[in-house]
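Everything quoted here is computed from the prediction, not taken from an experiment. The basis for the numbers below is simple: all heavy atoms, side chains too, and nothing from hydrogens, waters or symmetry mates.
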Amino acid sequence: MTPLEFDRDHLWHPYTNVAKPGPVHLVKEAEGIWLTLDDGARVIDAMSSWWCMIHGHRHPQIVQAMHDQLDRLPHVMFGGLTHDPAVELGKRLIAMLPDALDRVFYCDSGSVSVEVAMKMAVQYQMAMGRTGRSGFATIRGGYHGDTWKAMSVCDPVNGMHGLFRGALGIEHFLPRPLVQLGQDWPEDPAQNGVAEMDALLSEQADHLAAVILEPVVQGAGGMYFYHPHYLAELRKRCDQHGILLIFDEIATGFGRTGKAFALEYAGVVPDIICLGKALTGGHISFAATVATKAVAYGIGESEAGVFMHGPTFMGNPLACAAACASLDLLADGAWQTRVALIEAQMRQELEPARAFDGVADVRVLGAIGVIQMKDWVDPSIAHAKARDTGVYLRPFAYNIYTMPPFITGPQDLSRITSAMLDLAREA
């Protein structure tokens, strides 16, 4: 039995039917922006392996940091113990984030980071004597992960977890912000979405622990970019009602939008922020949930007296070392120039797609390029074309998109945009 045959018969891939598995490519090696397949063919990883490989694969600085850490301390429990990589990473994260966000809780993955943030919010509200505040509000079109509570704040109708809406706790959903990034912000609350925001938060204030949303960019929920002033208005109303504000920056953090964090577009600081994906440069799974001192100390006043969460691999030294190396690569700021060049080139080269019959919209922000189609896109078409185009794309729903590594040069970026245009013509 070949590796691909065993994979087909026994391995369960994300969002697949094991009885009718889709095609897969067997990757033998990866370096920089390139994946080498079993037959020697090379394809560009235009997805940054689900958005995390911002420095490219096997970056020597990150690999060396992991090798060095592996020789000293691959893992140790974080309960009652600590280690230098965890301390050093905490210092780097706090230095990057707004001043108020300075209490760091390490997690295993992005979904767990969201679960932790939601638990923090509920436990904080209970500590404040607001025991009825266990619900959450969010906006439609969002995606926050595949674990149970995270699914409850994903779009229940058009999101990936609509199947479970009868089993999940009922949360409160605001319409997707109407005003898109780059449009003028209308002052009329009925036109900018603030009226509905006001109504929901006023009505449900006694039941809401927090509002959670992806700032400016909704990722897997549709690659939708909305006006940052929406976040400023939301911050005011959360403060007014004593509702915490959680930003999910798992996809947008660490430079993907052209800013270190998407919150910078709005100048808004949340009470809790979720980080993941690119935190380690994609070299190993890791995430963090960072809260303000007020939230962290408030939780300490709860009935339990401690925050009730503690993953086995929390603060894993190997992951912390990888994250420190990744943040070192971002520290000189050169990524900003590279991302700006990627953005400018994608704007120019994807623009012709607007004239295609099947295209509904074209959007670019930072190192995110999207061609939104009018009809559902079959990802198997892009999969089959990868060897010929030399580009691996993974469309979802109506979107043909790329989130290339920040090290992608102009010639290779043109290969990506050309493959996207070809797929848009054919889809």
Any side-chain donor-acceptor pair under 3.5 Å between Asp38 and His25?
no
Ser48 side chain vs Trp50 backbone, donor-acceptor pair below 3.5 Å:
no
For a quick test of reading the model, state the closest non-hydrogen atom pair linking Leu35 to His57 and the distance between them.
CD2-NE2, 3.6 Å
Looking at Met346, is its backbone amide N or carbonyl O close enough to the side chain of Thr417 to form a donor-acceptor pair, meaning the two atoms are under 3.5 Å apart?
no
Could you tell me whether a side-chain N or O of Gln204 sits under 3.5 Å from a main-chain N or O of Gly135, the two making a donor and an acceptor?
no
Hey, are Arg347 and Glu343 close enough for a salt bridge, meaning a charged N less than 4.0 Å from a carboxylate O?
yes
Using a distance-only test with no angle check, is there a side-chain donor-acceptor pair under 3.5 angstrom linking Ser414 and Gln411?
no
For the pair Arg140 and Asp155, find out whether any cationic side-chain nitrogen is under 4.0 Å from an anionic carboxylate oxygen.
yes
Is there side-chain contact between Ile246 and Val211, with at least one heavy-atom pair below 4.5 Å?
no
If every non-hydrogen atom of Pro395 is compared with every non-hydrogen atom of Pro379, which pair is closest and at what distance?
O-CB, 3.6 Å
Heavy atoms, side chains only, cut-off 4.5 Å: are Val391 and Val43 in contact?
no
Using the six-membered ring wherever Trp is involved, compare the ring planes of His227 and Trp185 and label them parallel, tilted or perpendicular (cut-offs 30° and 60°).
tilted
Check: Gln125/Ser134 side-chain N/O donor and acceptor closer than 3.5 Å
no
Are there over 12 heavy-atom neighbours, none belonging to His67, within less than 6.0 Å of that residue's NE2?
no
Start with the C-alpha gap between His55 and Phe406, add the side-chain angles, then the distance that decides, and say whether ring-ring contact (aromatic ring centres under 6.0 Å, His included) holds.
CA-CA 6 Å; His55 310 295; Phe406 298 170; 7.0 Å; no
Atom CG of Asp39: over 12 foreign heavy atoms under 6.0 Å
yes
Between Glu196 and Leu174 (side chain of the first, backbone of the second, donor and acceptor by atom type, cut-off under 3.5 Å), is there such a pair?
no
Carboxylate-amine/guanidinium proximity below 4.0 Å for Asp422 and Arg425
yes
Between Asp388 and Arg415, is there a salt bridge with N-O shorter than 4.0 Å?
no
Show your working on salt bridge (charged side-chain N to carboxylate O under 4.0 Å, His left out) between Arg256 and Glu249 and close with a plain yes or no.
CA-CA 10 Å; Arg256 179 56 65 181; Glu249 291 238 26; over 6 Å; no
Crowding at CD, Glu5 (>12 non-hydrogen neighbours, <6.0 Å)
yes
Checking His383 against Arg394 for the side chain to side chain donor-acceptor pair (under 3.5 Å) test, could you report, in this order, the C-alpha distance in whole Å, the side-chain angles of both residues, the deciding distance, and whether it holds?
CA-CA 7 Å; His383 192 278; Arg394 184 73 174 176; 5.4 Å; no
Measure the shortest side-chain to side-chain distance between Asp375 and Met373 over non-hydrogen atoms and say whether it is less than 4.5 angstrom.
no
Backbone N/O of Ala41 and side chain of Arg387: donor-acceptor pair under 3.5 Å
no
Judged by atom type as modelled, is there a donor-acceptor pair below 3.5 Å linking the side chain of Tyr230 to the main-chain atoms of Pro215?
no
Nearest heavy-atom contact between Leu365 and Tyr265 is CD1-OH, 3.6 Å
Would you call Arg72 and Asp84 a salt bridge, taking side-chain N to carboxylate O under 4.0 Å as the test?
no
Tell me whether Tyr226 contacts the main-chain N or O of Val179 through its side chain, where contact means a donor paired with an acceptor under 3.5 Å.
no
Under 6.0 Å between ring centres: does that hold for His172 and Phe136?
no
For His283 and Ser326, does a side-chain donor sit closer than 3.5 Å to a side-chain acceptor?
no
Are Phe261 and Phe254, when compared by the centres of their aromatic rings, separated by less than 6.0 Å?
yes
Backbone of Ile284 reached by a side-chain donor or acceptor of Thr280 within 3.5 Å
yes
Under 3.5 Å donor-acceptor pairs involving side-chain atoms of residues 100-108, not counting sequence neighbours:
residue: Tyr106; atom: OH; partner: Ala86; partner atom: O; Å: 2.7
residue: Tyr106; atom: OH; partner: Gly90; partner atom: N; Å: 3.0

Within a strict 4.5 Å, meaning less than it, do heavy atoms of the Glu214 and Phe247 side chains meet?
no
Between Thr408 and Asp412, do the side chains contain a donor N or O and an acceptor N or O under 3.5 Å apart?
no
Looking at Glu31 and Arg42, does any basic side-chain N land under 4.0 Å from a carboxylate oxygen?
no
Give the minimum heavy-atom separation between Val153 and Thr138, together with the two atoms involved.
O-CG2, 3.5 Å
I'd like to check Cys320 versus Asn316 (side-chain heavy atoms, cut-off strictly below 4.5 Å). Are they in contact?
no
Do the side-chain N and O atoms of Ser113 and Thr289 include a donor-acceptor pair separated by under 3.5 angstrom?
yes
Distance-only, no hydrogens or angles: does the Asn399 side chain make a donor-acceptor pair with backbone N or O of Gly222 under 3.5 Å?
yes
Is there a donor-acceptor contact under 3.5 Å from the side chain of Trp335 to the main chain of Leu330?
yes
Looking at Asp328 and Arg92, is any side-chain nitrogen of the basic one under 4.0 Å from a carboxylate oxygen of the acidic one?
yes
CD (Gln183) with more than 12 external heavy atoms under 6.0 Å:
yes
Tell me, please, whether Tyr224 has Arg363 positioned over its six-membered ring: NZ or CZ under 6.0 Å from the ring centre and within 45 degrees of its axis?
no
Neighbour count >12 (heavy atoms, 6.0 Å) for atom CG, Asn17
yes
Please check if any side-chain donor atom of Tyr401 sits under 3.5 Å from a side-chain acceptor atom of Trp51, or the reverse.
yes
Heavy-atom closest contact (Pro21 atom, Val18 atom, distance):
CD-O, 3.4 Å
Asp332, CG atom: more than 12 neighbouring heavy atoms under 6.0 Å:
yes
Do Lys374's NZ or CZ and the ring of Tyr398 fall within the cation-pi criteria of under 6.0 Å and 45°?
no
Centroid-to-centroid, Phe396 to Tyr15, below 6.0 Å?
no
Measure across Gly142 and Gln218 and return the closest heavy-atom pair with its distance rounded to 0.1 Å.
N-NE2, 3.3 Å
